[in-house]
Amino acid sequence: MRYIPSPIPLQFSFVYSATANASGRMQYHKIKPGHSKLRISRSEFIKAYNDSPILAINPMQLRGQDAVFQFEFYI
């Protein structure tokens, strides 16, 4: 997947990320830019994804690992 950055700067409050650790297990985080990074549960991540007004989504594909799907979204 290609990521096309926005031509205008985004103003957002939080970033939610879903990333795979070295063993392949997914980890979910809620990030307040410049302040904190909090590990959250999968259900909290899904609730934020389904219920929040999303400004942008950034897919993060690891080179050579097509089966691992990681992304972050901005609210």
Side-chain angles (χ1 to χ4, degrees):
M1 285 187 275
R2 291 189 172 265
Y3 170 64
I4 301 172
S6 173
I8 59 171
L10 289 175
Q11 291 186 356
F12 53 92
S13 300
F14 291 100
V15 178
Y16 285 83
S17 69
T19 55
N21 64 14
S23 67
R25 289 184 56 108
M26 294 302 291
Q27 294 183 345
Y28 306 95
H29 293 93
K30 178 181 180 181
I31 304 161
K32 184 163 178 90
H35 294 284
S36 64
K37 181 176 183 178
L38 176 67
R39 188 161 177 191
I40 60 173
S41 68
R42 179 178 182 265
S43 59
E44 185 177 345
F45 179 85
I46 292 170
K47 181 168 176 41
Y49 184 80
N50 288 331
D51 297 341
S52 301
I54 296 174
L55 300 173
I57 296 176
N58 179 18
M60 302 178 298
Q61 190 170 9
L62 297 176
R63 189 173 299 278
Q65 293 188 3
D66 296 336
V68 178
F69 186 76
Q70 305 180 114
F71 73 100
E72 54 189 22
F73 65 92
Y74 301 79
I75 62 166

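Here Ser41 pairs with Ser43, Glu44 under the side-chain contact (heavy atoms from CB on, under 4.5 Å) rule; sequence neighbours left out. Listed by chain and number, the residues in a side-chain hydrogen bond (donor to acceptor under 3.5 Å, both in side chains) with Ser13 amount to none (sequence neighbours excluded). Shown here are the side-chain hydrogen bond (donor to acceptor under 3.5 Å, both in side chains) partners of Asn50, two or more places apart in sequence or in another chain: there are none. Under the rule for a ring-ring contact (aromatic ring centres under 6.0 Å, His included), the partners of Phe71 that lie at least two apart in sequence or sit in another chain are Phe45, Tyr49, Phe69. Residues forming a side-chain hydrogen bond (donor to acceptor under 3.5 Å, both in side chains) with Glu72 (at least two apart in sequence, or on another chain): Asn58, Tyr74.
If you take CG on Asp51 and CD1 on Ile46, they are separated by 11.0 Å, rounding to the nearest 0.5 Å. Note that OG of Ser52 and OH of Tyr16 are 5.5 Å apart. Values are rounded to the nearest 0.5 Å.
The salt bridge (charged side-chain N to carboxylate O under 4.0 Å, His left out) analysis of residues 15-41, with sequence neighbours excluded, yields no pairs.
Between Ser17 and Ile31, some side-chain heavy-atom pair lies under the 4.5 Å cut-off. Between Tyr28 and Thr19 the shortest side-chain heavy-atom distance does not fall below 4.5 Å.
Minimum heavy-atom separation, Ile75 to Leu55: C-CD1, 4.0 Å.
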